[in-house]
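Proteins get letters first, then strands, A, B, ... in listed order; numbering begins at 1 in each.
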There are 2 protein chains.
Amino acid sequence: MNFRHAKILEQARTDGKVTVEGLASLFNVTLQTIRRDLTDLAEQGRLERVHGGAILPSGLRNIRYEDRRRLNDDAKARIGLACANEVKNGSSVFVGIGTTCEAAARALVHHEGLLVMTNNLNAVPILSANPSNRVMVTGGTLRHADGGLVGAQAAAGVRQLKFDLAIIGCSALDQTGDLFDYDLDEVIVSQSVIENSHATALVADRSKFSRTAPARIARMTDLALFVTDGLASGMAHHPLRTVTV
Amino acid sequence: MNFRHAKILEQARTDGKVTVEGLASLFNVTLQTIRRDLTDLAEQGRLERVHGGAILPSGLRNIRYEDRRRLNDDAKARIGLACANEVKNGSSVFVGIGTTCEAAARALVHHEGLLVMTNNLNAVPILSANPSNRVMVTGGTLRHADGGLVGAQAAAGVRQLKFDLAIIGCSALDQTGDLFDYDLDEVIVSQSVIENSHATALVADRSKFSRTAPARIARMTDLALFVTDGLASGMAHHPLRTVTV
DNA sequence: ATATTGATGTTCGTTTATGGATAAAACGAA
DNA sequence: TTCGTTTTATCCATAAACGAACATCAATAT
């Protein structure tokens, strides 16, 4: 344990990741020293080591989910940041399932006095890093694959509150403006979230345009905001307010 | 405690860290004296010792909780094991808040086909390590101190199911056979659990006999089983079925 | 006056952190 | 795949930090 460890963890919590290079120049020590730090922290389970740096530990998630998290994570961080800009201090927020929603949760650390509900167990430690947040969990059936809580109980949990802004993701988007998902148990939660929010923001990186999924969540017109990193050509003039990062 | 301690803590709070060298020259004492001071403060949990100095304890919550987890963990593991013996494969189980309940969760890894609900987020990764378990979460307000979900919503989540066996803990036990807790929001959950279970097991190590807490959860006669590592003298002949490990 | 206690200083052998060197492993591009 | 580059783990040497034991001193009790 040394002086750097606390700072490394802090940076990992705010940025979602740390790099060996970045930390070495930050602390003015050699790369080897940082590697030892990261190894130590990883052995304590406080970080998870990856090539070139480290990320926050997973706990629940499986390998596939880890891979997805690393996929396009720059874009996800930008999307999360843009999304957090829409959140006012002291408001009530919902954070949904998916790595992009987690990026949004990460971007909320500097907000004050939020009431945040989530059905994403990975988002819980991120959100509770800020002690001024009140964090609530929907309840529901745990989906081992990604730490999501789904099903009727999750939907019922959502109905306990009305959100100023709900941040949700989806598995696929089509050109007619529909949102889709794979899992019906997740869809009923998302629908419940949309119903119980003054405004809903969809976060989705461009990869979602080229996917398909069976279960319709909603139409784009049911939403207030769409935050993405690049539009598919056909959707360029969709009526929905769109933020591209 | 001496006059330096207050100043050391003050500096730690403003700078986030203190160094042995810096403090020694500040107070004009030897390095060894400062080391003694820092060791004292670290033992009190007011600082965290690092090589060359000390830092603020990282996230009070985690440290305290980690300490508690290590406290008497042999006994807790035995209690958990004994408790798991009462659980049949394929049954529905509730796992409550506290390190002893987590020990019980750990002991359930070799069971098959359980439906487990919990309001303890620390228990979730433990329970989901066994893929044949169906894991549900109650929902509720997150208590940062220990990862527990409490309040009305947690109690409502509990009412969705009826458990074959519920495993709960408590903060204190008195000789008349009453169970107590510190937090009313947790008590309403425990009461809801007892109501919605065919049988409730209380897990408590002997330290609970010497504690007191304000909020009554239930009477011992409301329970089916009591698993502990040693009885207080006065409770030796309580009518409740008791397993001592 | 003498003994006791507690805080501090001193010494010294041990432990730990760090950086450099090297070889193995992981990665990315062709 | 193969090759070249980057990242990593391991070993070693050095310097710093550490803690235990003992000595010293002052304040207090007997």
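Residue B/Lys17 qualifies as open at atom NZ: its count of foreign heavy atoms under 6.0 Å is 12 or below.
When the nucleotides C/dT18, D/dA9, D/dG19 are ranked by their closest atom to the side chain of A/Arg4, C/dT18 comes out on top.
Atom CD1 of A/Ile8 is separated from atom P of C/dA17 by 13 Å (rounded to the nearest Å). What separates CG of A/Asp37 from P of C/dT16 is a distance of 16 Å, to the nearest Å. Whole-Å rounding puts the B/Leu23 CG to D/dA17 C1' distance at 15 Å. One interatomic measurement links the two molecules: CZ of A/Arg35 to C1' of C/dA17, which rounds to 17 Å at whole-angstrom precision. Summarising the geometry, the separation between CZ on A/Phe3 and C1' on C/dT16 is reported as 14 Å, rounded to the nearest angstrom. Atoms CD1 (B/Ile34) and C1' (D/dG19) sit 15 Å apart, rounded to a whole Å. Distance CG (A/Leu41) to P (C/dA17): 12 Å, rounded to an integer number of Å. The CG atom of A/Leu31 sits 10 Å away from the P atom of C/dG20 (whole-angstrom rounding).
For C/dT10, the OP1/OP2 oxygens have no side-chain nitrogen or oxygen of B/Thr30 closer than 4.0 Å. In this structure, A/Asn2 does not reach the D/dA17 phosphate: none of its side-chain N or O atoms is under 4.0 Å from OP1 or OP2.
Shown here, C/dT16 forms a base pair with D/dA15; the pair counts as Watson-Crick or G-U wobble because both key distances fall under 3.5 Å.
A salt bridge between A/Asp146 and A/Arg143 is present, with a side-chain N of the basic residue lying under 4.0 Å from a carboxylate O of the acidic one. Ion pairing of A/Arg49 with A/Glu43 is absent here, as no side-chain N (NZ or NE/NH1/NH2) approaches a carboxylate O to less than 4.0 Å.
Taking 4.5 Å as the limit, some side-chain heavy atom of B/Val150 sits within range of a side-chain heavy atom of B/Ile97.
Of the residues near DNA chain D, B/Arg36 and B/Val50, the one whose nearest nucleotide (by heavy atom distance) lies more toward the 5' end is B/Val50. Place A/Thr33 and B/Val29 on DNA chain C by their nearest nucleotides, and B/Val29 ends up nearer the 5' end.
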Fill in the blank from the handout: Quick tally for nucleotides 22-30 of chain C: nucleotides whose base has a protein heavy atom under 4.0 Å get B, sugar-phosphate-only ones S, the rest -, giving ----SS---
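Side-chain N/O atoms of B/Ser132 and B/Asn130 include a donor and acceptor closer than 3.5 Å.
With respect to B/Lys76, the side-chain hydrogen bond (donor to acceptor under 3.5 Å, both in side chains) criterion is satisfied by exactly one of B/Thr100, B/Asp229, B/Thr99: B/Thr99.
Nearest heavy atom pair, residue B/Gly22 against residue B/Thr19, reads N-OG1, 2.9 Å.
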